[in-house]
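First up is the structure itself, then whatever we jot down about it.
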Amino acid sequence: MENPFQDPLRFPRRVPECAVTIFGANGDLTRRKLAPALYRLFMDRRLPAGFAVVGISRTPMSDDRFREKLRAGVAEFLDGGPFDESVWSAFAQGIFYSHGDIDDSATYARLGARLAGIEQARHTGGNVLFYLSTQPSQYAPAAAGIGAAGLNHGSGWRRLVVEKPFGRDLASARDLSAALQRVFPESEIYRIDHYLGKETVQNILAFRFGNGIFEPLWNRRYVGHVQITAAESIGVEGRGAYYEEAGALRDMIQNHLLQVMATVAMEPSATFRAQSVRDERSKLLRSIRAMEPAAVRENAVAGQYGPASIGGEDVPGYRQEPGVNPASHTETYAALTFFVDNWRWAGVPFYLRTGKRLPKRVTEIAIQFHSAPLAIFDGEANSPNLLILRIQPEEGISLKFLSKRPGQGMTLRPVSMDFNYGSSFGERSPSAYETLLLDALAGDATLYTRQDMVEASWAVVEPIRKAWDEVPTEFPNYAAGTWGPAAADAMLARRGHAWRRP
Amino acid sequence: MSPVRPDRLLRELAALWVSLGREHQEGDGQGVLRACTMTLFVLADEADDPSAIWETMAALMPDHPARAVLVRLARGTGRALEARVFAQCWLPFGQRRQICCEQIEISASDAALADLPPVILPLAVPDLPVVVWCRCPRTFASPELPRICAAAGKIVVDSRAMGDARAVLPTLAARALAGPALADLAWTGLTRWRELVSRVFENRSYLEGLPGASEVSIAFTGDQPPTPAWYLAAWLEAGLRQAGGAARHRFEPLAGEPAGEIRRVAFRGAGPGISIAFTAAGCAESRTGETVSRMALPPASDYTLLKEELGIPGRDPIYEKTLSAAARLAVS
């Protein structure tokens, strides 16, 4: 029976009483992202009174010590509002801790007893969300441990959230899926890609499918090319060891940027239900043309930043960062040209680039339309229209078009029509983790990736990875603080295009 | 003849933007950003404090940037109309560019109401929603209101200021059927109460007991049930029916000030005793059997109520159903 007193127009969706069990609760992600997001949801009254958090990690500590650690993380990393001690003390009553090794069956026995006690005391109805925030190598053992202890079944629902990276390649992604699916059905596995939780990425769907005027232009007939940029101005910031294993291709392209590209290019979904939206995303990912080795040379550029002086400050190169091999061949920059083999996008290049130590932090999608078929004006007249979807830092949408300059003569000048998310909607946007956690608790998987989507994106990225591993690029090939290697500019120039300067 | 001409007001607004733009470009070089998502007409009595109304508007602008037009209506027979335009700007936290909204204040006498529509309708921003906040019960009853609200997609009233609830609710129900979407701040003020009730029944075991409820009591301050009490009764009865129950409401008048405030909602027969009660300013207590939890029940203000209403651009089907049921209850 549905609660007849719900009013989705007036008060936000509520999630049922439940417990979130975080594996890797002593880690950075919990402290920086998960705990602040849960606290914020609690503060905004999005979580039920009986909500509970159970942290698991190897370090023995009391519930109170764990609460204190989380409290410090929340106070430091809370976004968009002051920390409220009274809200925290109410929230903290539902926080518990259980220590243990992921490979030890006793860990799960203890966890089971803890969850049973919480179910009784806090009326959670046996609903449990397991969140794997551990090293990726521990995802499969943790799921197996949950299954062996029978914690994947109970009187309520049981779900599993898995952080990226989801595998290192297609084979390992398939192995991991198989390991998780031995314990949880695919419908209860939530693979997190926090980019999809960003308000402005969701707004791409609203922009495309909530308006009638853009979709008719959204195809090869009107769009010349698409550029997706995710630039970071910082380096690896102490994550050198992780980054050595990942690189830009695995860290950003395989998951975040391909998901953004799928959102930009997918066909309209028949409904806004999870299955339907994910089907369309998946179809698009499967339509991306896989590159042959020769195509990789033409359409993929790897880069690694070298040392530079930025604003009078000496900035180390990647190879000089702590935890990085001084002869490392890990790419910190990737620029790729993809083609989508379907009727809508045939022949339209999708340029994706991401990198560390670029001049500024910016994520945006630029859709460049064809120029007017006949240039009847002089000067700037041939400048194509550009639609820019800005994801961060200043979320919004801009449309660049030409306008006549006031005065005598017919001189045209590009002007920009801007929509700024922050000025039209004063309310705070929830963080990606708030959105995604709430969705998982409510059983809505729309913004989570599915096994077939993960495999399709690995199938796109794997030939590039292989080609780069076989023929390494000479690194470093761009200076910190610049827009990447010259080869990336040349890649676009071959088609008569140029990267935007965001 | 009216001395106020809308084309002149619009020219003044345009000039205002030019001067604001120049001022800021010469100052911080950032210029100003015009933000507008709707036109909000406020029909207020001359006795209402205009600075309090503009303060409410100012607080609303970051969430609902609008061209705000305050019409202050004076009792009288002289056909007077006056107007002034200005802009309100704010600097969002962490940003360097000011955001500005347009504001227009018009003073009119009741006798000039008929002159008002041709003045205010051209002031609505083209293609954006128009909302009328009718604070003045006298104007709500005026035959000119439909003309004034011709472009409005939504009219916001406050039935608590409109007198006897039993008489007001059928009038509102009739208006809701005929004209643009209607919103009542008396209903808006119940959102937190309704959310607390809903929250209790998110728990499956309490939800399963809901059809067994034999009575739901609503306690309020004062002698006669105010409109919020009727709304709550109608909404709760509808929910109970949807759950398969048939419990009826019982009103419980309480002594206390101010009159017309909801103080407690209690379900009899729905599993363990379930009640939600106002305890002290800003707090409520929810009891389910032995379990007691305290929650925030922040006092509502014009700002909080309007902020919620302006966030709902179209019709609110739950409100409309409740209004119609409450009107039936009130006359039965």
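Just so we're on the same page: letters track the sequence lines, and every chain starts at 1. These values consider heavy atoms only, across backbone and side chains, with no hydrogens, waters or symmetry-generated copies.
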- request: Taking atom CZ of Arg287(B) as the centre, report whether more than 12 heavy atoms of other residues, nucleotides or ligands fall under 6.0 Å from it.
  value: no

Greatest number of heavy atom pairs closer than 4.5 Å to chain A - which of Leu207(B), Leu240(B), Val197(B): Leu207(B)

query: Any side-chain donor-acceptor pair under 3.5 Å between Glu202(B) and Gln6(A)?
result: yes

message: Whether Glu17(A) and Arg199(B) form a salt bridge (side-chain N of Lys/Arg under 4.0 Å from carboxylate O of Asp/Glu) is what I want to check.
response: no

Heavy-atom proximity to chain A below 4.5 Å, by part of Arg241(B): neither

- line: In terms of heavy-atom contacts, Phe5(A) and Trp235(B) come closest through O-CZ2, 3.4 Å

statement: Value for CZ (Arg315(B)) from CG (Leu9(A)), rounded to nearest 0.5 Å, stands at 13.0 Å

- line: Ranked by heavy-atom pairs below 4.5 Å to chain A, first place among Gly239(B), Pro211(B), Gly244(B) goes to Gly239(B)

query: Asp7(A) and Ser198(B): side-chain donor and acceptor closer than 3.5 Å?
result: no

task: Check whether any side-chain heavy atom of Phe11(A) sits under 4.5 Å from a side-chain heavy atom of Arg194(B), and report yes or no.
output: yes

query: Salt bridge check: are Arg10(A) and Glu195(B) linked by an N-O gap of less than 4.0 Å?
result: no

field: Interchain contact, Leu236(B) with chain A, by part (heavy-atom threshold 4.5 Å)
entry: both

- line: When the 4.5 angstrom heavy-atom criterion is applied to Ser286(B) and chain A, the contacting part is neither

